[in-house]
Amino acid sequence: MAWKLELELMDKAADEMEKGNGHKALPLLNEVLSVNPMHLFAYKCRGIIYAGLKNYQKAIEDFKRAIDISLNDSNVDDSFTLEIYYYLGNVHESIYFAKEFLESVEYLAQAIKIYTKILQIHPKCIPARYRRGNLYYYIGTNADRPDELLRLAVEDLNFILENEPENMDTTMKMDTVRTWNLARMMLGEGDLSWLEEDSDIYPRGM
């Protein structure tokens, strides 16, 4: 039966991905999608593999296809769709940093739009706030008129600090504190005192 073959192929593909063998998982996922062209998890997994191989356009195609399917299936949980949007935003960032930076800034603008869409659905999504806030800061530091972008960065990063989850990654927290303060300093609203006050979070010498 088709569903049995589909399940067997997905199990094998997941096993290869867990071992870090994306190149072996890829043909298995292709087979899954030939059996079931609406398989959300297969599109997600193949998109992740393509992104890892730096085949960004194919990754974008797979993530967009997964989003289209999920938005038209009431049985799909919103968290799955949000996860795919997040991967899609990450890919656009990767394209920017793989190219000639400011010459491909439209990819960062697209990533911001994607993270904004996530936040319209789930305003408390900390990873999306973190990515968007850092992009606002990064673009702002390279802009002729940075104030508006830096204020948006401060707003996103401040939200994270005020709504910090208990299990927040230490590196993310340190980076959030650092970027939030640097953005405020560029706006003329902060100073270096935070290095002393937050030494437990952001140790000296970092």
Practice item. Would you mind listing every salt bridge (charged side-chain N to carboxylate O under 4.0 Å, His left out) that reaches into residues 133-146, with sequence neighbours excluded? Key: none
**Study point:** Those residues that, when tested against Asp11, pass salt bridge (charged side-chain N to carboxylate O under 4.0 Å, His left out) (two or more places apart)
**Key:** none
Review point. With Ala42, which residues qualify under side chain to side chain contact (heavy atoms under 4.5 Å, CB included), at least two apart?
Key: Met10, Leu29, Val32, Leu33, His39
Exercise for review: Might you point out which heavy atoms bring Ala13 and Ala25 nearest each other, and give the distance in Å?
Suggested key: O-CB, 3.6 Å
Solution key, residues 48-66 side-chain donor-acceptor pairs under 3.5 Å, sequence neighbours excluded:
residue	atom	partner	partner atom	Å
Asp62	OD1	Arg46	NH2	2.9
Asp62	OD2	Arg46	NE	2.7

Practice item. Enter the distance from Leu82:CG to Tyr87:OH here, rounded to the nearest 0.5 Å. Key: 12.5 Å
Point to revise | Separation between CG of Leu150 and OH of Tyr137, rounded to the nearest 0.5 Å | key: 7.5 Å
Review point. Of all heavy-atom pairs between Gly140 and Pro146, which one has the smallest distance, and what is that distance?
Key: O-CB, 2.9 Å
Check your understanding: Are any non-hydrogen side-chain atoms of Ile139 and Ile112 less than 4.5 angstrom apart?
Key -> yes
**Study point:** Rounded distance (nearest 0.5 Å) linking atom OG1 of Thr116 with atom CZ of Arg132
**Key:** 4.0 Å
Point to revise | Ser79: side chain to side chain donor-acceptor pair (under 3.5 Å) partners, not counting sequence neighbours | key: Asp77
Point to revise | Results of side chain to side chain contact (heavy atoms under 4.5 Å, CB included) for Asn158 - residues two or more places apart only | key: Glu162, Trp180
Can you list, pair by pair, the side-chain donor-acceptor contacts under 3.5 Å of residues 117-129, counting residues two or more places apart and other chains?
residue	atom	partner	partner atom	Å
Arg129	NE	Pro123	O	3.2
Arg129	NH1	Asp156	OD1	2.9
Arg129	NH2	Pro123	O	3.2

**Study point:** Glu8: side chain to side chain contact (heavy atoms under 4.5 Å, CB included) partners, not counting sequence neighbours
**Key:** Lys12
Point to revise | Side-chain (Tyr86) to main-chain (Ile114) donor-acceptor, under 3.5 angstrom | key: no
Review point. Atom CE in Met168, atom CG in Asn163: separation rounded to 0.5 Å?
Key: 10.5 Å
Review point. Can you name the side chain to side chain contact (heavy atoms under 4.5 Å, CB included) partners of Val76, sequence neighbours left out?
Key: Leu40, Ser70, Asp73, Phe80, Thr81
Practice item. Kindly indicate whether the side chain of Leu108, heavy atoms from C-beta on, has any atom under 4.5 Å from the side chain of Tyr136. Key: no
Review point. With sequence neighbours excluded, what pairs up with Glu155 under the salt bridge (charged side-chain N to carboxylate O under 4.0 Å, His left out) test?
Key: none
Exercise for review: Decide yes or no on side chain to side chain contact (heavy atoms under 4.5 Å, CB included) for Thr170 and Lys173, but give the supporting numbers first.
Suggested key: CA-CA 5 Å; Thr170 302; Lys173 181 175 181 178; 5.6 Å; no
Check your understanding: When you look at Asn134 and Tyr138, which way does the side chain to side chain contact (heavy atoms under 4.5 Å, CB included) test go after all the steps?
Key -> CA-CA 6 Å; Asn134 276 279; Tyr138 180 82; over 6 Å; no
Review point. Given Tyr130, which of Thr176, Asp175, Asp169, Thr179 fulfils the side chain to side chain donor-acceptor pair (under 3.5 Å) condition?
Key: Asp175
Check your understanding: Looking at CD1 of Ile67 and OH of Tyr85, how far apart are the two atoms once the value is rounded to the nearest 0.5 Å?
Key -> 5.0 Å
Practice item. Could you tell me whether Glu164 atom CD has more than 12 heavy atoms of other residues or ligands within 6.0 Å of it? Key: yes
Exercise for review: Verify side chain to side chain contact (heavy atoms under 4.5 Å, CB included) between Leu135 and Tyr115, making sure each step is shown before the conclusion.
Suggested key: CA-CA 10 Å; Leu135 288 180; Tyr115 297 136; 3.8 Å; yes
Review point. Partners of Glu83 by salt bridge (charged side-chain N to carboxylate O under 4.0 Å, His left out), sequence neighbours excluded?
Key: Lys44
Practice item. Can you sort out the partners of Glu93 under salt bridge (charged side-chain N to carboxylate O under 4.0 Å, His left out), two or more places apart, ordered by chain and number? Key: Arg131
Check your understanding: If you measure from CE on Met172 to CD1 on Ile160, what distance do you get to the nearest 0.5 Å?
Key -> 7.0 Å
